[in-house]
Amino acid sequence: MKKTIYPIVALCALLMMYPYISNAQKICPGEDLITDSQLKSYITFLSSPLLNGRENGKPGLEIAQQFLISQADLIGLRPGNGESFSQPYQIIEKSYDESKSFLGIKSKGEEIEEIRQPLIQITPSVPSDLSIKGEVVFAGYGLKQMVYNYNDYDGININGKIVLLIDGSPTSADGKKHLFEDNDWSAQFAAIRAKISYVAFSRAKAVIIVPDPKSGATTIDQMYPGIEYEFKASRRLKNDAGRSMPAQNRPVVMLADRKVADILLDGSGYNLEELQQMIDSDLKPHSFIIPDKEITIEKKTKTEEKILYNVAAIIEGSDPVLKDEYLIFSCHVDHLGTANGKVYAGADDNASGCAALLALANAFRETPERPKRSILFLWLSGEEIGLFGSQSYVDNPLVPLSGSIVDINIDMIGRSKGIADTSINNPMTGPTGVFVISGNQSKELLEIADKVDKESAIDFDYSLSGRDSELQLFSRSDHYNFVKNDIPVLFFFTGLHTDYHTPGDTVDKIEFGKMEEIVKAIYRIGYTIANEPERLSVDNPFSGW
């Protein structure tokens, strides 16, 4: 990365005026039209609570898409799909029919009581019809750690029973230190994976996991923010038959609010906090059949066909030959919607990318001379549910894939590393950094990016690139469907902050000065590619991997 040295007084003065100024910057025609105030106006609307989190198939996403269409038309872009800015596609969605689902608890000698609390099924991960009834066994954390001579299932029979478990693993009195030190229990789902492995081949009917009392969480959403969205439905493109999963005689694993445990344990002589303290203090299991309680779980599913839309707009190139080649800018519009009465606004994920494309389109449209190549702007839907918008696009392209020379994908470019972003699961860039993720498909493309990196105020970080990166970010956003069609990509991304997929991803946390400089750097890369005399070579295509 570049190093620029200033006299200390001049540096301080510059930083006071504007923290992202660099004397090495070179201005491209149209770049000055990209401003932080412009980006803020776009993100403020797209992440407004009035859009209810832009969930696929819901009115909030349609409003966001109509806003993008109106702005594209105002900028003077050409519709990408004939006379329309919209490209429809169909998905099949299987979800739970809550009107036909039931959770009830029966105490001895009493009528069954319906409990209006959510149950989120995590295995099998595909929604399925259920009819389960039986006694309940409390089995602590549901763990076997033989090096500590610890087994929550020792001395109890879970065959034919529903098993109630505490999330996590034994901890110190303050809940900060995990007492089983041979595993990384702090990693999300680490303990759940262990619990599932221990009961997978048992004859238990079901497993219900509730929040750890020491964590302070009482609901599923507090325990795992956004998880309801991840598991409430399964989807596939209509023309994709999908994979049929073989039936497996394994327990269903579900997450529940702590209130379910409180009702089940009522009358047993214990509450959940007391049981946890007993287990954690002596590292011995305190498992037992909960007396005189029976639980009934009924879950029904429904299957629906839904129409989703991508938004596409074009700037036609000025060169009579090169205009048949297309530079693609892509981002996704959709987000998670609402859960438990909270709006998942998705300001960074990915109102930031949508705003960037509008700003880029305006800059390219207002240049004194149109770029030689054509530019396609794609605001895609369906990303959060399986990259469906981009998959549908490459299956039914609006411009020939053979003429599509590069995809620059933008997904979450508005944040910097915060105090809470300390985990390896939350890689974040600093106040002047951005991750640039690629598959090294084109040396020429990376050379262009490196040149812009050296000239801009933003530092490019390639450390999360490629197929071998632990977080697999190379395959987790819409650019990946272009990769699979031998189109080289650059994916711009500032990091996985701890507000990712939570209601905390709001507009007030966006760093608009930093974002402006990132968008300007992306613009310079695009401007160069759009005006190169020769098409970029693809020396390491996906088809050769």
Side-chain angles (χ1 to χ4, degrees), residues 25-31 33-34 77-78 80 312-331 353 356-378 390 394 397-411 413 434 436-456 458 460 462 465 478-479 481-483 485-493 517-542:
Q25 292 184 33
K26 294 181 180 179
I27 305 299
C28 285
E31 179 185 324
L33 297 174
I34 299 169
L77 305 184
R78 194 185 84 193
I314 290 173
I315 294 176
E316 186 175 27
S318 60
D319 187 277
V321 176
L322 295 181
K323 71 177 183 180
D324 292 331
E325 294 180 356
Y326 287 82
L327 163 63
I328 299 173
F329 287 103
S330 63
C331 68
L357 258 65
L358 286 174
L360 290 164
N362 184 62
F364 276 109
R365 187 69 178 82
E366 294 299 321
T367 54
E369 294 184 10
R370 279 184 297 145
K372 294 178 180 180
R373 288 180 174 83
S374 297
I375 302 176
L376 172 64
F377 299 91
L378 286 176
S390 55
V394 297
L398 299 176
V399 301
L401 292 182
S402 60
S404 302
I405 60 171
V406 172
D407 172 53
I408 297 178
N409 187 49
I410 306 173
D411 191 352
I413 59 164
V434 64
V436 182
I437 297 172
S438 84
N440 298 320
Q441 300 152 279
S442 170
K443 290 180 182 178
E444 292 179 2
L445 175 59
L446 292 178
E447 287 170 358
I448 291 171
D450 287 341
K451 186 174 186 295
V452 170
D453 178 20
K454 291 180 174 67
E455 295 173 348
S456 78
I458 293 294
F460 292 2
Y462 294 93
S465 288
D478 288 306
H479 59 277
N481 283 315
F482 294 94
V483 170
N485 284 273
D486 286 345
I487 298 169
V489 303
L490 293 175
F491 167 32
F492 284 83
F493 167 73
E517 293 302 324
I518 292 173
V519 178
K520 285 180 175 178
I522 294 171
Y523 178 77
R524 292 174 207 161
I525 293 172
Y527 186 91
T528 302
I529 294 169
N531 290 291
E532 282 284 285
E534 301 293 333
R535 177 172 177 159
L536 297 180
S537 64
V538 183
D539 45 85
N540 183 27
F542 177 88

* Interatomic spacing from CG in L357 to CZ in F377 - rounded to 0.5 Å -> 6.5 Å
* **Minimum-distance pair of heavy atoms, taken over all atoms of F329 and L327** => CE1-CD2, 3.7 Å
* Kindly give the heavy-atom pair with the smallest separation between C28 and R524, and that separation in Å. => SG-CG, 3.7 Å
* Structure fact -> Sorted by chain and residue number, the side-chain hydrogen bond (donor to acceptor under 3.5 Å, both in side chains) partners of E444 (sequence neighbours excluded) come out as S537
* Asked: Can you find a heavy atom in the side chain of R373 that is under 4.5 Å from one in the side chain of E532?
  -> yes
* Asked: How about D450 and Y462: does a side-chain donor come under 3.5 Å of a side-chain acceptor?
  -> yes
* Any side-chain heavy-atom pair from R370 and K323 closer than 4.5 angstrom? -> no
* **Distance (rounded to the nearest 0.5 Å) between L536 CG and K443 NZ** => 14.0 Å
* **S390: which of D407, N409, D478 passes side-chain hydrogen bond (donor to acceptor under 3.5 Å, both in side chains)** => D478
* Minimum heavy-atom distance G30-Y523, with the two atoms named -> CA-OH, 3.8 Å
* Please walk me through it: do S374 and V399 pass side chain to side chain contact (heavy atoms under 4.5 Å, CB included)? -> CA-CA 10 Å; S374 297; V399 301; over 6 Å; no
* Between I34 and N362, is a side chain to side chain contact (heavy atoms under 4.5 Å, CB included) present by the stated rule, with each step listed? -> CA-CA 8 Å; I34 299 169; N362 184 62; over 6 Å; no
* Structure fact -> The side-chain contact (heavy atoms from CB on, under 4.5 Å) partner of V406 among I529, I328, V489, I448 is I529
* To do: Can you measure from OH (Y326) to CD (E316) and round to the nearest 0.5 angstrom?
  => 6.5 Å
* Asked: Are any side-chain N or O atoms of S465 and backbone N or O atoms of G439, one a donor and one an acceptor, separated by less than 3.5 Å?
  -> no
* List the atom of A312, the atom of L378, and the distance in Å for their closest heavy-atom pair. => CB-CD2, 3.7 Å
* What is the distance from atom CZ of F542 to atom CG of N485, rounded to the nearest 0.5 Å? -> 9.0 Å
* If you look at every heavy atom in L360 and V519, which pair is closest and at what distance? -> CD2-O, 3.7 Å
* Asked: Roughly how far, to the nearest 0.5 Å, is CG of L445 from CD1 of I405?
  -> 9.5 Å
* **D486 side chain vs P541 backbone, donor-acceptor pair below 3.5 Å** => no
* Asked: So which heavy atom on I458 is nearest to which on S456, and how close?
  -> O-OG, 3.0 Å
* **Gap separating the CD1 atom of I410 from the CD1 atom of I522, nearest 0.5 angstrom** => 4.0 Å
* Asked: Would one find more than 12 heavy atoms of other residues, nucleotides or ligands at under 6.0 Å from atom CZ of R365?
  -> no
* With sequence neighbours excluded, residues passing ring-ring contact (aromatic ring centres under 6.0 Å, His included) with F491 -> H479, F493
